[in-house]
Amino acid sequence: MNYEHRSIEKKWQKNWEEKNTFRTEILPEKKKYYVLDMFPYPSGAGLHVGHPLGYIASDILARYKRLTGFNVLHPMGFDSFGLPAEQYAIQTGQHPAKTTEKNIDRYREQLKSLGFSYDWEREVQTSDPSYYRWTQWIFLQLFDSWYDKKANAARHIDELISFFEKEGNTTIQASHSCQLSFDAEQWKSFDEKTRSDVLLDYRLTYLAETVVNWCPELGTVLANDEVKEGLSERGGYPVVQKKMRQWMMRITAYADRLLDGLEKLDWSDSVKDMQRNWIGRSEGASVFFEIEKRKDLIEVFTTRPDTLFGVSFMVLAPEHPLVGSLVTSEHKESVLNYVEQASRKSERDRISEVKKVSGVFTGSYALHPLNKEKLPIYISDYVLLGYGTGAIMAVPSGDQRDWNFARAFDLPIPNVIEGADISEGADESKGGRLINSDFLNGMPVEKAIKAMLSHLEEKNIGLRKIQYRLRDAVFSRQRYWGEPIPIYFNDGIPMAMDESELPLELPEVDKYLPTKEGDPPLARAEGWHTPEGFPIEANTMPGWAGSSWYLFRYMDPTNTIEPFSQKNVNYWRNVDFYVGGAEHATGHLLYSRFWTKFLYDTGKLPEDEPFKKMLNQGMIQGKSAIIHRYNIGYIDREDGQIKTRETNLYLSNHFARNLQDGKYGPKDLERLIDEKYGKGYAREHHLISPNIEIAPATRIHVDVNLVDGEELDVIAFKQWQPRFKDAIFLFEEDEKFIILCEVEKMSKTKFNVINPDELIERYGADSLRCYEMFLGPVEQHKPWDQKGIEGVSRFLKRFWALFHEGTDFMVLDDKAPLEAKKAFHKFLKKVSEDIERLSFNTVVSEFMILTNALVAMKCRSREILEPFVIAISPYAPHIAEELWEKLGHKSSVTFEKFPLHDDSYLKEDNVKYPISFNGKVRFTLEVESGTAGDLLQKMVLEHEDSQRWLEGKNPKKVIIVPNKIVNIVV
RNA sequence: GCCGAAGUGGCGGAACUGGUAGACGCGCUGGAUUCAAAAUCCAGUGAUGGCAACAUCGUGCGGGUUCGAUUCCCGCCUUCGGUACCA
């Protein structure tokens, strides 16, 4: 009987569903283990072979943990709010909820066809009102909280209010953005609007006017992590800086805890480092500089207070608030010009112009805080308003950017480090001793920093400060398809909705576009106000809101009175094993840690980290097939411009390269075409370019399914798309059209997507599961290689055949031979070790080795085959269930015990020692296991081969590595 | 520039704390089976020399530690990922 993967897999998937095999509940007597995948955004394209990689790994671990006695929580859901569904809605008018629902159904079906052991009863969808009700609820908790730096925890806003009533805000240690300072009396005298504004500056979600990343194409703002190199992460549209009033999340309050918490996490170093860099803690000092003839001060941040005597000028960011008042009349024009220019530059322009030095003098001077020297104040866009104070003290001898600026504007470069060579550039090393620095002279840098810090604080002209690169996160999106923000405005004062009014459901709108006035789409909705007529916030939440806490909802997905019950969260606590891409390092993974810490502060959670251990799966890339379309370059008669015209001639890689390299000219091409298609063909069909230099070929991505190895099926290509119907080709003499192969990210537009459905149909889910693991370490990026799956498929067939004699199921009850038992226990030891250390790829090899060994030994003993089926079930669950049933079991293999290996079978009767002289292996000696060291040594030295190698020399040393090698040093 | 990861046959990759490098799979070569093909099975497969036993070389490059290094240390090169006028 052959291995019929189609019927077997269908049968067991149905069986699992009907019997609800993977339903999970709290079992207090059992230890819990929570295995979670990053839930997907259900895109219209469905899953490709890259998606399941991580899901397979986590499913193997979940199934393995079940077999080893854990109560495993292994859920799946959908991050179903997002831009693509909304863009589709704008184009087609179809409600995003509908598109999303359709996509989710497809995803769920695909996931089920892979045989994952998810408890589908726990599925969550972030766009479901019963879910986002609690996302809104958490928003309100954040809104009602402030961060107490002294207690190092979030606290309720009411406590802050009563504190203000007693002492004002001058003594409190809190994370805030409040410019005002007031005492209790003043607080009491404030009107409602002022109080609200002050409180907003303390709340963990707050409204603020800030510079944000505005993406005009998408019509919305983006968080820092959603911008890559000045372009939007989704869509790749330009992003500009814009000042806007937006909802913000005070994540900076948690900067230190987010940093320190990394220590105890079992995550990869690279992701932890990414978070550390993103948080970007740097220790230094705030220093205040007086402005000449004025009372106010310029505050700067520096990590090198020791170089204070090396300051020769000041630089402000062009947007700095003091610029307007500092500029003198004679410099007004140039400064205004410069500010204007800088404001028009996008983030991207700034990045590309990094090397250029620009700036202008304001006409004003600052005074050195210690020696009162006059320091000219410049503005330049190399100083950023968003970091530190938006102003710097320039130390050209110690900072390359300051050095460049000093050179360009002919400013002095005083040296403050003994022996530093600053003729060709700044000395940025933190070494040497101070000179020309008054009381710091002779001190090494580290000591000088401390001395200066104390001095500054003593004289009250500066103070120790810790600066973070991390910014508060923008929380509003001018979009429809997101969680509505449960806030309404009473006379401009933002008011929290009552919990009982949640969920605040998304309203119906006529169009998914902003209003004429530029308000977000929600403003189009009729009745988007409270019963009293107060307008409701029209912005929605960003994509990361729902994904920041979903792991906890899985613990109690149907709870209607709270996001999750204490009972459930106290049992499941947090995720033991999280699988997902490293690309979320500075987004989802950081926000999620932030919300978890906040919910921990409020007492809702027993743990303050969401994910204990994490595995970052690599991307499976596609192999794109590229051919070249020949272009004719010509000079347009009308405007004299050089232009190119497309042809229907397609070139193989070989020809395209030669054309590109100039090895072929127009004459060669004409000859080749005529040779192939008949004399005069090229001329007749206008395929002769007068000027071949101009863009001779365009790269075209071809569907990888039209390619076998590197060869294009030209007939299929002609039928692929109507525009290729009349294609003609030039290719190698051996009649093979060789394409150009490139490894890229899988995407629809590159026609390099490999769909798992077809592979499952052809080879089965078990084969696909095993193969994706076999491909290599899960963490690594790797191109999809279609050919290797055959090998794994062959192995499963052989495994199946192990249980069958001809068409009959045949397992014998006789004793297994000792050799087979040894092989089996060696296998068990290795497999359990490898799964525990997440080496999923080597386990597949072990399956193959054991299968081959059993086939060779013709071993069909139940004694071995039965536990073998259990061991293989995490990888190939369907075939395992089928064989388990055939072995006469009524229960599912899911609930069996993972077989333990027995060390007594692993002992070798004889040990083969490679005997080496000076590290070089000369012969092998077989001795009985357990032979004592000194006896072994004697045997080795008396061996005739040893005598030959020693040639009368005396061995200096004999090294015996137990069970491994004997090394004789001569 | 800085931070992180990685460089092993024709290819994907093994070698977990230093101990016979190349497991396992793909591909390739030869053979069996077949009218033939597919499928399956058997054998071989790092390089060089040799009929062979065997010898020499070999884990990006150059050094070092060690009886012994893919593994540890120092200096480079390359690729990938992150990040950036961060003061």
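A note on names: the letters A, B, ... follow the listed sequences, proteins ahead of strands, and every chain is numbered from 1. The figures that follow rest on heavy atoms only: side chains count, while hydrogens, waters and symmetry mates do not.
Looking at residues two or more places apart in sequence or on another chain, you find a side chain to side chain contact (heavy atoms under 4.5 Å, CB included) between A:P369 and A:V287, A:F289, A:L308, A:I461. Applying the salt bridge (Lys or Arg N to Asp or Glu O under 4.0 Å) rule to A:E428 yields no partners; only residues at least two apart in sequence or on another chain are considered. With sequence neighbours excluded, the residues that form a salt bridge (Lys or Arg N to Asp or Glu O under 4.0 Å) with A:R6 are A:E761. Residues forming a side-chain hydrogen bond (donor to acceptor under 3.5 Å, both in side chains) with A:S286 (at least two apart in sequence, or on another chain): A:E299.
In this structure, A:F409 has its ring center at least 6.0 angstrom away from the ring center of A:F313. A ring-centre distance under 6.0 Å is not found for A:F774 and A:F840. Note: A:W278 and A:Y468 fail the aromatic proximity criterion, with ring centroids not under 6.0 Å apart.
The aromatic rings of A:F803 and A:F799 lie perpendicular to each other, with more than 60° between the two planes, well past the 30° mark.
For B:U59, there is no paired nucleotide, since no Watson-Crick or G-U wobble pair has both relevant distances below 3.5 Å. A 3.5 Å limit on both hydrogen-bonding distances identifies B:C28 as the Watson-Crick or G-U partner of B:G44. With a cut-off of 3.5 Å on both Watson-Crick or G-U wobble distances, the partner of B:C35 is given as none. Using N1 to N3 plus N6-O4 or O6-N4 for Watson-Crick, or N1-O2 and O6-N3 for G-U wobble, each under 3.5 Å, B:U71 pairs with nothing. Nucleotide B:G7 forms a pair with B:C77, judged by Watson-Crick or G-U wobble geometry with both contacts under 3.5 Å. Taking a pair to require two hydrogen-bonding distances under 3.5 Å in either a Watson-Crick or a G-U wobble arrangement, B:U65 remains unpaired. Of all nucleotides present, only B:G82 satisfies the Watson-Crick or G-U wobble test against B:C2, with each distance under 3.5 Å. Searching all strands for a Watson-Crick or G-U wobble partner of B:G18 with both distances below 3.5 Å returns nothing.
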Output a table of nitrogen or oxygen pairs between the protein and nucleotides 41-46 of chain B separated by less than 3.5 Å.
from: B:C41; atom 1: OP1; to: A:R798; atom 2: NE; distance (Å): 3.3

Would A:F868 and A:F827 satisfy ring-ring contact (aromatic ring centres under 6.0 Å, His included), going step by step from the backbone distance to the final call?
CA-CA 9 Å; A:F868 191 11; A:F827 158 86; 5.2 Å; yes
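Not one side-chain nitrogen or oxygen of A:R276 sits closer than 4.0 Å to the OP1 or OP2 atom of B:G4. Considering only side-chain N and O atoms, A:Q780 lies under 4.0 angstrom from the phosphate OP1 or OP2 of B:G13. For B:A14, one of the phosphate oxygens OP1 or OP2 lies less than 4.0 angstrom from a side-chain nitrogen or oxygen of A:N841.
Remark on RNA chain B: of its neighbouring residues A:I968 and A:W278, the 5'-side contact belongs to A:I968, judged by nearest-heavy-atom nucleotide. Across the interface with RNA chain B, nearest-nucleotide mapping of A:N277 and A:V792 shows A:N277 to be the residue nearer the 5′ end.
In this entry the distance linking CD of A:Q617 with P of B:A5 reads 19 Å, nearest Å. Across the protein-nucleic acid pair, A:Y771 atom OH and B:C26 atom C1' stand 8 Å apart, rounded to whole Å. Here B:A87 presents its C1' atom at 13 Å from CG of A:D306, a figure rounded to the nearest Å. Straight-line distance from the CD atom of A:Q786 to the C1' atom of B:C11: 15 Å, rounded to whole Å. For the pair A:Q400 CD and B:A87 C1', the computed distance is 13 Å after rounding to whole Å. Here B:G82 presents its P atom at 15 Å from CG of A:L589, a figure rounded to the nearest Å. The distance between atom NE2 of A:H584 and atom P of B:G81, rounded to the nearest whole Å, is 17 Å. Across the protein-nucleic acid pair, A:N852 atom CG and B:A23 atom C1' stand 12 Å apart, rounded to whole Å.
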If the sugar-phosphate is the primed atoms plus P, OP1 and OP2 and the base is the rest, what is the B/S/- string for nucleotides 16-21 of chain B, using protein heavy atoms under 4.0 Å?
S--BB-
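Syn is the conformation of B:G9, whose glycosidic angle sits no further than 90° from 0.
With 3.5 Å as the limit, one finds no donor-acceptor pair spanning the side chains of A:Q467 and A:R281.
Here the CG-CG distance, from A:D427 to A:D399, works out to 11.5 Å after rounding to the nearest 0.5 Å.
Between B:C26, B:G82, B:G25, one nucleotide has an atom nearer to the side chain of A:M274 than all others, and that is B:G82. Closest to the side chain of A:T842, out of B:A87, B:G4, B:A14, is B:A14.
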